[in-house]
Amino acid sequence: MIAARGAPEIEKAKLRLEIAELQAVLNAKEQQLLELQSTISTGASNGGEPESKQDHQKLSNDDIARYSRQLILPDFGIGGQLKLKNSAVLIVGIGGLGCPAAQYLAGAGCGSLGLVDYDQVERSNLHRQTLHTVARCGLSKAESARIALLELNPHCHITCHASLLNRFNAMDIMHGYDVVLDCSDNVATRYLLNDACVMLGKPLVSGSALKLDGQITVYNYGTQGPCYRCIFPVPPPPEAVTNCGDGGVLGAVTGTIGAMQALEAIKLIVGLGDVLAGRLLIFDGSSCQFRNIRIRSKRANCHVCSDQPLITQLIDYEVFCGMHATDKDNPLQLLEPEQRITVVDYQKSLQDKPHLLLDVRAQAEFEICQLPQAINVPLAQILDGSYLQQLDAQFKSSGFPIVVVCRRGNDSQIAVQHMKNQFPEHFIRDLKGGLHAWTNQIDENFPIY
Ligand SMILES: Nc1ncnc2c1ncn2[C@@H]1O[C@H](COP(=O)(O)OP(=O)(O)OP(=O)(O)O)[C@@H](O)[C@H]1O
Ligand SMILES: [Zn+2]
């Protein structure tokens with residue numbers, strides 16, 4: 001069943017990745033060299049930290065030529081450019097938001113950028129994560145972004161943190177930066193960044209995007225600016241949260257919000273315009289409308305930013321939110337092992353026999369790819385009972401075994417659990433690991449998304 005992909009293609013991809021990895025090592029060495037050179041000239045070491053304590057007093061001729069179009073802006077000028085050159089910005093998440101944000105900050109001449117991401121580049125990132133490339137699939141996102149950013153602006157000092165930001169490393173990583181950008185994709189990281197920014201007294205430029213919609217605001221700005229907890233004292237229930245991997249997103253939407261995050265960071269550093277604090281900008285990409293809504297000011301009894309905070313050190317945010325901070329290896333474990341069937345067992349013992357294969361993904365996903373014989377019944381129709389009424393009639397006549405499949409084997413478990421309540425005696429199994437397991441274990445030519 002498994003068809004081998006062309007050997008030269010695999011060889012080519014391997015070589016491209018090897019080149020990218022070597023380039024990442026080379027960049028890290030060049031960065032070390034620059035740091036050593038600056039240690040020799042200043043007599044002090046910054047231990048690989050951002051050069052936030054830099055005090056450039058002058059622009060070079062290269063700076064003047066490079067930044068000329070923004071230098072002539074009356075409210076920006078030499079003073080603004082020098083502030084940017086002496087600034088350090090930390091970007092958490094080098095994905096759909098973090099890539100454009102980093103690109104505009106490096107391009108504008110931000111002196112130091114810190115890039116935090118635990119993940120590696122995947123093909124499904126490329127439509128929106130504009131700093132990564134085909135050749136760098138498999139490379140750490142932080143390293144991949146550094147390669148692209150140094151090509152754009154070799155004067156930018158870039159520090160890569162290719163690890164998960166958590167309560168143990170956050171204060172250490174964040175303390176040297178002037179502004180933090182939340183370009184992450186999960187609630188646990190949002191609370192972590194908020195609390196750490198409040199404790200460290202740093203503004204947090206927070207962005208999010210899903211489907212065709214986006215939002216951006218600045219938390220913890222000045223004495224009156226609310227923090228994330230002032231607005232959301234308690235996390236949402238896990239089932240109310242959707243990420244881009246499940247809900248989908250258009251790259252131009254993350255690009256819009258990421259670029260605006262860079263703009264707010266530049267305004268904060270330079271002292272330009274009205275910072276988007278105490279307001280939330282909502283972007284509706286489908287009607288192309290921006291709405292600016294006022295959000296509440298600081299909450300007098302906020303657990304972290306009030307005068308008598310209850311939270312004075314970082315907590316376990318995954319436990320607090322009941323959600324993971326990573327989307328890696330977090331499969332739902334809802335069913336007992338005997339209520340599930342592996343792709344190998346399904347293929348061997350059931351696929352060629354009469355059975356009902358229900359695919360519970362949304363119709364748009366079913367149209368991308370489907371297993372032979374699969375019938376599309378989106379999860380919502382199973383949960384609202386509308387499909388089960390039909391099924392009841394079919395059961396009485398056929399009694400066929402039922403297998404339920406989805407993309408990764410999470411929704412299929414929810415469907416099986418629901419159906420089992422109605423038909424406890426019937427053979428109903430969830431296809432363990434879903435279509436991803438099918439591609440990985442049965443047919444590598446089956447599309448993966
Ligand atoms: N606590 C964290 N520490 C480091 N990186 C984080 C943390 N939380 C989220 N991220 C990173 O933030 C980025 C969010 O970007 P985005 O949602 O566009 O990417 P993605 O996870 O690659 O998307 P997809 O869901 O399509 O796979 C990801 O690259 C993710 O690895
Ligand atoms: Zn608060």
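Just so you know, residue 1 is the first one in the sequence shown, and it goes up from there. Ligands are counted one by one from 1 in listed order, and the atoms in each one are counted from 1 as well. Predicted model only: the values in this text are computed from it and were never measured.
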Considering only residues two or more places apart or on different chains, which pairs with a residue in residues 194-227 satisfy ring pair (Phe, Tyr, Trp, His ring centres under 6.0 Å)? Y219-Y228
With heavy atoms of [X] as the reference, note each atom of ligand 1 found under 4.0 Å away.
X    : result
S184 : 8 (N), 9 (C), 12 (O)
S163 : 4 (C)
G93  : 11 (C), 12 (O), 13 (C)
A325 : 8 (N)

Of the listed options ([options]), which comes nearest to [atom] when hydrogens are ignored and any heavy atom counts?
atom                    : options                : answer
atom 20 (P) of ligand 1 : E122, R128, H127       : R128
atom 25 (O) of ligand 1 : C99, G251, G245        : G245
atom 22 (O) of ligand 1 : Q120, R190, H132, K141 : K141

I need the nearest protein heavy-atom contact for [atom]: residue, atom name and distance, please.
atom                    : answer
atom 13 (C) of ligand 1 : D117 OD2, 3.6 Å
atom 27 (O) of ligand 1 : D327 OD2, 3.9 Å
atom 1 (N) of ligand 1  : T189 OG1, 3.0 Å
atom 15 (O) of ligand 1 : G95 CA, 3.5 Å
atom 10 (N) of ligand 1 : Y118 CE2, 3.7 Å
atom 21 (O) of ligand 1 : D185 OD2, 3.0 Å

Look only at interatomic distance and state if [X] has a nitrogen or oxygen under 3.5 Å from any nitrogen or oxygen of ligand 1.
X    : value
L165 : yes
Q129 : yes
G96  : yes
L164 : no

Taking only non-hydrogen atoms of [X], do any sit less than 4.0 angstrom from ligand 1?
X    : answer
A188 : no
C183 : yes
S124 : no

Just by modelled atom types, is the [Y] backbone N or O under 3.5 Å from a matching donor or acceptor in the [X] side chain?
X    : Y    : value
Q70  : A108 : yes
S87  : I269 : no
N410 : L332 : yes
K267 : D274 : yes
N125 : E122 : yes
S306 : H303 : no
H132 : I94  : yes

At a cut-off of 2.8 Å, protein N/O/S around the Zn ion (ligand 2) gives C227 SG, C230 SG, C302 SG, C305 SG
Within reach of ligand 1, part of N186 (heavy-atom separation under 4.0 Å): side chain
With a 4.0 Å heavy-atom cut-off (strictly under), which part of N125 contacts ligand 1: side chain, backbone, both or neither? side chain
Using the six-membered ring of Y449, assess whether NZ or CZ of R408 lies under 6.0 Å from its centre and within 45 degrees of the ring axis.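 No cation-pi geometry.
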Identify the two heavy atoms, one from [X] and one from [Y], that lie closest to each other, and give their separation to 0.1 Å.
X    : Y    : result
V270 : K83  : O-NZ, 3.2 Å
I257 : I216 : CG2-CB, 4.2 Å
V404 : S412 : O-CB, 3.5 Å
C160 : R146 : SG-NE, 3.5 Å

Pairing residues for D185 by the salt bridge (charged side-chain N to carboxylate O under 4.0 Å, His left out) criterion, not counting sequence neighbours: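 Not a single residue meets the salt bridge (charged side-chain N to carboxylate O under 4.0 Å, His left out) criterion with D185.
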Partner set under salt bridge (charged side-chain N to carboxylate O under 4.0 Å, His left out) for E18, not counting sequence neighbours: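 Residues passing salt bridge (charged side-chain N to carboxylate O under 4.0 Å, His left out) with E18: none at all.
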Short N-O contact, R291 and D284, less than 4.0 angstrom: no
Pairwise side-chain contact, I282 with D213, heavy-atom cut-off 4.5 Å (strictly under):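 A side-chain contact is absent here, since even the closest heavy-atom pair is not under 4.5 Å.
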